[in-house]
Visitor: 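Starting off with a structure, shown below.
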Amino acid sequence: MLLALAWQDHAVIVAYLAGMIAFGVYLSRRQSSDDEYFLAGRQMPWFAVGMSVIASLLSSLTYLSEPGEVWKSGVTHIFGKMLAIPFEMVIVWVFCIPFMMRFRYTSAYEYLEHRFGPATRKLGVSLFITMVVLWMGFVVLLSAKALARVSDLSIPQAVVSVFEAAGISDPAASAQLLLVIVTVGIVATSYTMLGGLRAVIWTDVVQVVLLIGGGLFTIGYVASTTGTWLPDWYQATSRHLTSTEATHSLPLFSFDPFVRATVVTVAFNMCIWHVCTHVGNQMTVQRYFSTSDMKSARRSFVTGSLFGVGINLMLVVVGLAVLYYYVGQELAIDRGLDSKKEQSLIFPTFAVSRLPAGCGGAILAALLAAAMSSIDSGINSIATVLTTEQRASPENSHVGKAKSITLIAGLLITIAAYGLSFLPDKWGVVDAMPRTFNAITAPLGGLFLLGMFMPRVGEKAVIAGVIAGIATSIGLGYFEQLAPLLAVFGWSFSDRSLSFTWIMPCSLTVTFIVSYCTSFLEGPGKRHRDGLTWQTRNVKPNQKSC
């Protein structure tokens, strides 16, 4: 597929893809029950679960965006992320994991039915599926863009002609992109469908090793070939940030909502994202449900958090090293990449163009690993949730149905990936995430947080709050695109985009305020809350299906 690469690069990538499918086939022999397929028998080792959690959450978005963000804001972006770590770890450790692990659910959204009612459960499931399809589609798209851009795929003219006939402006590039999207989607869907959650978790462990190995090798290569080290790379980055108006360090804080990001708003944004993800996202919660008890779940969380900190810091160092390699040595970026618009592609371009034959393929394999570690988790979680919704059927085992859903989910994600390719290029990876799948993260997490901490909020109130939260996400995220429409009514706004870091905090705040205020109109309701809120957590809950 990657005809512009050396044969050693081909060998590494093909071996990786084949190995993932073979591993799924091997583990498929164990899939004899629902508990085994969906939750790996609830006996997964805590260290493997922790590595799987961080592999699922990081994905290729982080693998490409963190080194690329160095070209735009230096190391200040990672400062914001690190600032959020202590706060989010305390919240998840003290509240989220102990609360959710009390329920031996398969799907996290079973809680919503017990706490609020069936309509809220259906809303949670719908939001989750929409979020995952967009999220995984974005992951596939970014990976495919990187691979297509750096590998110069050879596409038959007949295929290009089809894209030309459809009126696509760059038919060759679109054909390349579609080819890679389909390949990544097929492989990730195949081993996930065959091996269930056990395959997802163990392949994630392999993929984390690849991620770390690729980053460390790049750091070592730049250090050895240039005779420089971290202080030299940091100085080169500082000079780069002061050289143009398009790049600058993040300020500590600003009340101006049009400032792209600040250290404080990045920290606040990441804290909200992690808390909402650890309480309302089946991809994460399902991992903890696969452990034997709360102690193992907490160990998994700490393991994943420490790996996340280490990998993020490593990727920032990778970005510093690659920036020095080009800017510090006054070399043009390979393949004519624009450092202002294509920052996320510089790392894989460097790997293919500058690393020894075979090593570039290993970095691309690590990129694929980063993508697939999220895709397999998303697909498996969708299958788990939808199958759990249909468990009233008389079948003893739902594994076959889950595999069919897995196949359909993989197809939807692949389609979404190509559809998302039409997003504005100027946003970049970091700016686009809160405007797509993360527009749903805060309202979805808010469903669970409201259920946990606001006993008076009932079903109608929480649904109203979530709808308002999603409207807030869309309104803020696409403010620049909506401004001309508002101008028709005489409302004049700046043509600049609002900061992406305000989208999730504002969305979650609106979800809480509207839900709480509406609860006074709805009344407290008659549904029992024993064991289903933080205040009543010591009362034994009724865990039978509602």
Side-chain angles (χ1 to χ4, degrees), residues 39 42 46 49-50 53 86-121 123-125 128 271-272 274-302 304-305 385 388 441-463 465-466 508 511-513 515-516 518-520 522-546:
L39 296 171
R42 298 186 190 270
W46 57 266
V49 172
V53 167
F87 299 99
E88 64 198 34
M89 286 193 69
V90 169
I91 296 172
V92 174
W93 173 279
V94 174
F95 297 106
C96 299
I97 291 180
F99 187 83
M100 293 305 294
M101 284 299 292
R102 295 165 57 255
F103 310 105
R104 303 301 285 172
Y105 295 141
T106 299
S107 165
Y109 309 102
E110 295 175 66
Y111 168 76
L112 296 178
E113 181 171 8
H114 291 294
R115 171 63 178 85
F116 294 109
T120 309
R121 176 175 178 172
L123 174 62
V125 169
F128 169 73
C271 185
I272 289 176
H274 275 283
V275 171
C276 290
T277 298
H278 277 85
V279 74
N281 189 330
Q282 174 73 9
M283 289 171 57
T284 304
V285 178
Q286 186 177 348
R287 297 297 191 284
Y288 298 130
F289 286 167
S290 73
T291 60
S292 56
D293 52 36
M294 185 178 71
K295 184 177 180 181
S296 297
R298 277 178 159 173
R299 285 180 175 177
S300 301
F301 166 65
V302 173
S305 297
V385 168
T388 303
T441 299
L444 179 59
L447 270 177
F448 287 83
L449 295 172
L450 284 162
M452 290 170 60
F453 298 113
M454 289 193 173
R456 74 163 292 113
V457 174
E459 186 168 50
K460 293 180 181 178
V462 79
I463 290 175
V466 168
L508 184 62
T511 300
F512 267 76
I513 291 175
S515 296
Y516 185 71
T518 308
S519 69
F520 288 95
E522 180 185 16
K526 299 180 179 180
R527 177 172 290 272
H528 75 86
R529 291 167 172 78
D530 292 347
L532 298 174
T533 68
W534 185 257
Q535 293 88 332
T536 62
R537 63 188 182 281
N538 294 322
V539 181
K540 187 176 181 180
N542 175 17
Q543 295 190 26
K544 295 181 181 180
S545 300
C546 296

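Computed over heavy atoms, backbone and side chain alike; hydrogens, waters and symmetry mates excluded.
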Visitor: Taking Gln282 for the side chain and Thr106 for the main chain, is one N or O donor matched with an acceptor at less than 3.5 Å?
Guide: yes

Visitor: Do Lys295 and Trp46 pass the side-chain contact (heavy atoms from CB on, under 4.5 Å) test, and can you show the C-alpha distance, the side-chain angles, and the key distance before you say yes or no?
Guide: CA-CA 9 Å; Lys295 184 177 180 181; Trp46 57 266; over 6 Å; no

Visitor: Is there a donor-acceptor pair under 3.5 Å between the side chain of Arg115 and the backbone N or O of Thr533?
Guide: no

Visitor: Hey, could you give me the OG1/CD1 distance between Thr441 and Ile272, rounded to the nearest 0.5 Å?
Guide: 11.0 Å

Visitor: For Phe453, what residues pass the side-chain contact (heavy atoms from CB on, under 4.5 Å) criterion, not counting sequence neighbours?
Guide: Phe95, Leu449, Trp534

Visitor: For the atom pair OH (Tyr109) and CG (Leu444), what is the distance rounded to the nearest 0.5 Å?
Guide: 5.0 Å

Visitor: I'd like to know if the side chain of Glu459 reaches the main chain of Ala119, judged simply by a donor and an acceptor atom lying under 3.5 Å from each other, with no hydrogens or angles considered.
Guide: yes

Visitor: Partners of Thr518 by side-chain contact (heavy atoms from CB on, under 4.5 Å), sequence neighbours excluded?
Guide: Ala461, Ala464, Val514

Visitor: Main chain of Phe289, side chain of Tyr105: is a donor-acceptor contact present, judged purely on distance under 3.5 Å?
Guide: no

Visitor: Between atom CD1 of Ile97 and atom OG of Ser296, what is the distance when rounded to the nearest 0.5 Å?
Guide: 11.0 Å

Visitor: Under 6.0 Å from the six-membered ring centre of Phe301 and within 45° of its axis: does the NZ or CZ of Arg287 meet both?
Guide: no

Visitor: Has the side chain of Thr277 got a donor or acceptor atom that lies under 3.5 Å from a matching backbone atom of His274?
Guide: no

Visitor: Quick one, Phe448 with Met100, criterion side-chain contact (heavy atoms from CB on, under 4.5 Å). Give me CA distance, side-chain angles, the key distance, then yes/no.
Guide: CA-CA 10 Å; Phe448 287 83; Met100 293 305 294; 4.2 Å; yes

Visitor: I'd like to know if the side chain of Arg102 reaches the main chain of Gly531, judged simply by a donor and an acceptor atom lying under 3.5 Å from each other, with no hydrogens or angles considered.
Guide: yes

